[in-house]
Protein chains: 2
Amino acid sequence: MNFKLKASDKEKLDKALAKKGLRTTKQRSFVYSVILGKRDHPTADEILLRVRNSLPSISLATVYNCLESLVECALVRQVNMDRSPSRFCPNLSPHAHFKCTKSGKIVDLSLKESQIKLLKKILPKGFVSSNFDLTFNGTLR
Amino acid sequence: MNFKLKASDKEKLDKALAKKGLRTTKQRSFVYSVILGKRDHPTADEILLRVRNSLPSISLATVYNCLESLVECALVRQVNMDRSPSRFCPNLSPHAHFKCTKSGKIVDLSLKESQIKLLKKILPKGFVSSNFDLTFNGTLR
DNA sequence: GTTATAATTAGAATTATTCTAATTATTGAT
DNA sequence: ATCAATAATTAGAATAATTCTAATTATAAC
Ligand SMILES: [Mn+2]
Ligand SMILES: [Mn+2]
Ligand SMILES: [Zn+2]
Ligand SMILES: [Zn+2]
């Protein structure tokens with residue numbers, strides 16, 4: 001319920017927004033703090049509900065606008081699985097996702113540098129990749 | 001323009017549909033043959049256009065219905081990238097996808113058994129995965 | 001052939017997301 | 001502080017991919 005950004009997170013937000021010529025607004029701050037606050041990969045709808053605890057007048061359009069800005073600034077990752085609504089993740093280090101088909105839970109799987117190298121080895125000569133998405137589906141015992 | 005299934009493909013289709021209690025119809029056969037005919041990961045709209053060369057009266061709803069059946073029968077893979085329209089792929093062996101951000105082309109990257117093993121190693125204990133999606137974005141020189 | 005069931009079809013409905021146009025907030029001069 | 005310019009937010013309309021509905025057509029079993 002208490003969505004206040006830590007000083008270091010606020011600084012990071014200010015800096016990243018400023019670099020793109022964007023302002024720090026309370027809407028962007030609350031959306032960012034909600035995403036940082038619970039690492040459960042919420043959808044825009046869920047983010048709307050959580051931000052409204054602190055900012056009851058925020059609109060869904062603004063949540064989408066804020067998310068676009070945060071993704072643009074590389075403060076947040078947009079995660080798409082199959083055709084379900086986009087989810088948002090504050091984990092900026094390269095990682096894969098695991099979606100439990102029973103509980104629906106989405107878990108980050110961190111990748112070691114060596115594992116990333118192995119993934120890149122999948123690419124034949126002439127294929128230059130800037131990013132990848134790796135998602136596992138299964139069950140979590 | 002000539003979408004006729006090879007005898008072996010027709011047999012595969014018949015068998016897979018029958019196993020799920022589904023009939024072989026000309027709509028399903030043409031949709032399947034279009035997907036087999038050009039390995040470019042077409043969308044439902046593109047499949048509609050191609051099938052209509054042979055079957056001018058087929059509807060988009062039927063294309064979606066046929067695709068659902070074919071995916072259900074594991075004759076075709078549904079490939080989702082970000083939030084763009086689903087694409088369909090006849091390559092049933094485990095593979096990754098590369099999407100060229102310049103040309104839009106989507107290429108299959110086959111995976112060796114050893115590479116699949118390495119991917120599975122990403123999963124911590126207790127995570128049991130039935131399938132994975134791996135997509136690279138980048139440019140193709 | 002009749003009847004039951006399955007598949008197809010056109011068009012309506014749904015859902016996530018984006019767009020539009022109006023309002024409000026912020027900035028940076030005066 | 002006032003003003004003007006610009007940016008951000010907002011409600012609601014629009015869009016686009018997909019799914020649903022209800023009617024029609026095709027197929028299979030008797
Ligand atoms: Mn959403
Ligand atoms: Mn499509
Ligand atoms: Zn994540
Ligand atoms: Zn493929």
Side-chain angles (χ1 to χ4, degrees), chain A residues 10 13-14 16-35 41-49 51-52 54-73 75-88 104 106, chain B residues 10 13-14 16-35 41-49 51-52 54-73 75-88 104 106:
Chain A
K10 166 147 180 42
L13 174 65
D14 289 348
L17 287 170
K19 195 179 296 180
K20 297 267 177 180
L22 300 172
R23 295 174 184 165
T24 303
T25 63
K26 59 183 192 298
Q27 288 85 353
R28 285 173 181 157
S29 300
F30 277 115
V31 168
Y32 188 42
S33 76
V34 156
I35 293 171
H41 300 81
T43 64
D45 287 337
E46 288 162 347
I47 291 165
L48 176 69
L49 290 176
V51 172
R52 279 193 167 165
S54 315
L55 208 62
S57 63
I58 195 173
S59 73
L60 180 57
T62 298
V63 169
Y64 273 107
N65 290 340
C66 292
L67 289 169
E68 187 180 40
S69 303
L70 296 174
V71 170
E72 179 77 16
C73 293
L75 290 164
V76 161
R77 251 183 82 177
Q78 182 168 358
V79 178
N80 296 305
M81 292 181 165
D82 299 320
R83 300 210 54 77
S84 57
S86 287
R87 295 171 173 277
F88 297 87
I106 293 169
Chain B
K10 166 148 179 44
L13 174 65
D14 288 348
L17 286 170
K19 194 179 296 180
K20 297 267 177 179
L22 300 172
R23 294 174 184 165
T24 303
T25 63
K26 58 183 192 300
Q27 288 85 352
R28 286 173 179 156
S29 300
F30 277 115
V31 168
Y32 187 43
S33 76
V34 156
I35 293 172
H41 301 81
T43 63
D45 287 336
E46 288 162 347
I47 292 165
L48 176 69
L49 291 177
V51 172
R52 279 193 167 165
S54 315
L55 208 61
S57 64
I58 195 173
S59 72
L60 181 57
T62 299
V63 169
Y64 274 106
N65 290 339
C66 292
L67 289 170
E68 186 181 40
S69 302
L70 295 173
V71 170
E72 179 79 16
C73 293
L75 290 163
V76 162
R77 249 183 83 176
Q78 182 168 358
V79 178
N80 296 116
M81 292 181 165
D82 298 320
R83 302 208 55 76
S84 57
S86 287
R87 296 172 171 277
F88 297 87
I106 293 169

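Just so you know, these numbers use all the heavy atoms, side chains as well, and skip hydrogens, waters and symmetry mates. The model shown is predicted, which means the values in this text are computed figures rather than measured ones.
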Before giving the answer on side-chain contact (heavy atoms from CB on, under 4.5 Å), spell out for A:Gln78 and A:Asn80 the whole-Å C-alpha distance, their side-chain angles and the decisive distance to 0.1 Å.
CA-CA 7 Å; A:Gln78 182 168 358; A:Asn80 296 305; 4.0 Å; yes
What's touching nucleotides 3-7 of chain D from the protein side, N or O pairs under 3.5 Å?
residue, atom, partner, partner atom, Å
D:dA7, O4', A:Arg23, NH1, 3.3
D:dA7, O4', A:Arg23, NH2, 3.2

Between the protein and nucleotides 10-12 of chain D, which nitrogen or oxygen pairs come in under 3.5 angstrom?
residue, atom, partner, partner atom, Å
D:dT10, OP1, A:Ser57, O, 3.2
D:dT10, OP2, A:Ser59, N, 3.3
D:dT10, OP2, A:Thr62, OG1, 2.5

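Residues A:Ser86 and A:Val79 form no side-chain contact, since every pair of their non-hydrogen atoms from C-beta on lies 4.5 Å or further apart. Considering only heavy atoms from C-beta on, B:Thr24 comes within 4.5 Å of B:Ser29 through its side chain. Taking 4.5 Å as the limit, every side-chain heavy atom of B:Val51 sits out of range of all side-chain heavy atoms of B:Thr62. Contact check for B:Ser69 versus B:Arg28: side-chain heavy atoms found under the 4.5 Å cut-off. Residues B:Leu55 and B:Gln27 have side chains in contact (heavy-atom distance under 4.5 Å, counting atoms from C-beta outward). Residues B:Ile106 and B:Arg87 meet the side-chain proximity criterion, which asks for heavy atoms closer than 4.5 Å.
B:Asp14 has its CG atom 14 Å from the P atom of D:dT27, to the nearest Å. Look at CD on B:Gln78: it is 14 Å from P on D:dA17, rounded to the nearest Å. Rounded to whole Å, the distance from CZ on B:Phe88 to P on D:dA17 is 13 Å. Remark: P of C:dA16 and CG of A:Asp82 are 15 Å apart, rounded to the nearest angstrom. Spacing between atom NZ of A:Lys26 and atom P of C:dA25 amounts to 7 Å, rounded to whole angstrom units. Computed from coordinates, the A:Leu67 CG to C:dT18 P distance equals 10 Å when rounded to whole Å. A straight line from CZ of A:Arg87 to P of C:dA16 spans 11 Å, rounded to a whole angstrom. Residue A:Asp45 contributes atom CG, which lies 13 Å from atom P of C:dT18 at whole-angstrom precision.
Look at A:Arg83 and you won't find any side-chain N or O under 4.0 angstrom from OP1 or OP2 of D:dA17. Dashed line: the shortest gap from a side-chain N or O of B:Ser86 to OP1 or OP2 of D:dT18 is under 4.0 Å. For the OP1/OP2 pair of C:dA16 and a distance below 4.0 Å, the side-chain nitrogens and oxygens of A:Ser84 include no atom meeting the criterion. Between B:Tyr64 and the phosphate of D:dT18, there is a side-chain N or O to OP1/OP2 separation shorter than 4.0 Å.
The two residues B:Ile47 and B:Pro42 come nearest to each other via the heavy atoms CG1-CG, 3.7 Å.
The backbone N or O of A:Ser84 sits less than 3.5 Å from a side-chain atom of B:Arg83, completing a donor-acceptor pair.
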